[in-house]
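Residue indices begin at 1 and follow the sequence shown. FYI, side chains are in, hydrogens and waters are out, and symmetry mates aren't considered; it's all heavy atoms of this structure.
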Amino acid sequence: MGKLKSPKLTEVSGIVSSYANNSLFWVHNDSGDKANIYLIDSLADLKATVHLEGINVVDAEDIASLMIDGVPHLLLADMGNNLRNRDTLSLFLFKEPVLDKLNASYTVARKDILEIRYRYQDKRRDAEALFVDPLDNMVYIISKRDFRSTLFRLSISDRARSTVQELFPLMQLPLTFVTAADIRQDGRYIAVKNLTSIFIWKRDENQDIISALKRPYVQVPYEIEPQGEAICFDRNKRRFYTISERPFGLDSYLYAYEY
């Protein structure tokens, strides 16, 4: 679709389609950047920068979207833990920014950002993939460095926000080194990717996530990227998109796939 050119975006590790405009996407870098998200268009051109005020992000690895009381929100996941030296990890929840104009910079005030903290019950883990079930707004996290990537569930309810949640393993997936995931806005398809492949699960109406992921998946054709760590569905239920980091100065492109 387009080549990523902005010098601000060298380590894109998460992407999600904007609710406000399906042809625009929110992306972010992983470790090394400040608490920023960026809006790009379908040609991968940078259109806006949004700073999250008062937030310390160590290693943001994915971003998800969800609706709360009819208002679109974003969830930025500071869950990278390569050295497994962090016991407690954080998700940052805030309303999707409404921008007056493009090609500008904006700030989300600290008072408008909710931090949700969690830890794994059994051991420290690294993860780069999460998605939010649109049926109940439960958050699902998939580990990266386990031999079999493992699924965890987290709540963003008012009660859960006041404590550090302990996450328990729910199931293992038949793949490893997962770097990204997303679910379609109607909850009917789940996409999971690692560095070399993309897997799609079809979910029946009102089927729970675990039962859906225990079903056979379809591996779809994929143009391998330099370091592909981001995937999202569009809002039209027609395509999914991927984008890559730019290791060693390699080029990164926004790809669109029919499925």
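- Judged purely by distance below 3.5 Å, without hydrogens or angles, the side chains of Asp146 and Ser143 pair a donor atom with an acceptor atom.
- The line from NE2 of His28 to CG of Asp62 is 5.5 Å long, rounded to the nearest 0.5 Å.
- The neighbour count for Phe168 CZ, taken as heavy atoms of other residues, nucleotides or ligands under 6.0 Å away, is above 12.
- Put simply, the side chain of Lys5 gets close to the backbone of Lys3: a donor and an acceptor are under 3.5 Å apart.
- For Tyr257, the ring pair (Phe, Tyr, Trp, His ring centres under 6.0 Å) partners two or more places apart in sequence, or in a different chain, are Phe240.
- Between the CD atom of Glu166 and the CG atom of Leu154 there is a distance of 12.0 Å, given to the nearest 0.5 Å.
- In this view, Tyr189 and Tyr259 satisfy the ring pair (Phe, Tyr, Trp, His ring centres under 6.0 Å) rule, not counting sequence neighbours.
- Between the side chains of Glu96 and Ser65, no donor-acceptor pair is found at a separation under 3.5 Å.
- In summary, the side chains of Asp182 and Tyr241 do not present any donor paired with an acceptor at a separation below 3.5 Å, with no hydrogens or angles considered.
- For Tyr222 and Lys193, the side-chain atoms include at least one donor-acceptor pair closer than 3.5 Å.
- Side-chain contact check for Ser149 and Lys144: no donor-acceptor pair (N or O, by modelled atom type) lies under 3.5 Å.
- Of the possible donor and acceptor atoms, none in the side chain of Arg203 sits under 3.5 Å from a partner among the backbone N and O of Leu213.
- With no hydrogens or angles considered, a side-chain donor-acceptor pair links Ser90 and Glu115 at under 3.5 Å.
- Looking at Arg246, its side chain does come within 3.5 Å of a backbone N or O of Leu9 through a donor-acceptor pair.
- To the nearest 0.5 angstrom, Asp126 atom CG is 8.5 Å from Met79 atom CE.
- Judged purely by distance below 3.5 Å, without hydrogens or angles, the side chains of Gln207 and Glu205 never pair a donor atom with an acceptor atom.
- Note that the CD1 atom of Ile40 and the CG atom of Asp45 stand 8.5 Å from one another [nearest 0.5 Å].
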| Residues Thr242, Glu225; criterion side chain to side chain donor-acceptor pair (under 3.5 Å); working and verdict | CA-CA 9 Å; Thr242 69; Glu225 300 162 287; 3.2 Å; yes
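- Using cut-offs of 30° and 60° for the angle between ring planes, the Trp201 and Phe199 rings count as tilted.
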| query | Between Glu229 and Gln227, is a side chain to side chain donor-acceptor pair (under 3.5 Å) present by the stated rule, with each step listed? | reply | CA-CA 6 Å; Glu229 296 187 359; Gln227 190 169 335; 2.9 Å; yes
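- To the nearest 0.5 Å, atom CE of residue Met171 and atom OG of residue Ser211 are 9.0 Å apart.
- Two residues are said to be in side-chain contact when any heavy atoms from C-beta on lie closer than 4.5 Å; Leu75 and Val132 meet this criterion.
- No salt bridge links Arg153 with Asp133; every basic N to acidic carboxylate O contact stays at or beyond 4.0 Å.
- Heavy-atom contacts from other residues, nucleotides or ligands closer than 6.0 Å to CD of Gln219 number more than 12.
- A donor-acceptor pair shorter than 3.5 Å cannot be found between the side chains of Ser17 and Asp234.
- To the nearest 0.5 Å, atoms OG1 (Thr88) and CZ (Arg117) are separated by 6.5 Å.
- Remark: the Arg145 side chain and the Asn81 side chain contain no N/O donor-acceptor pair separated by less than 3.5 Å.
- By the ring pair (Phe, Tyr, Trp, His ring centres under 6.0 Å) test, Phe152 pairs with Tyr120, sequence neighbours left out.
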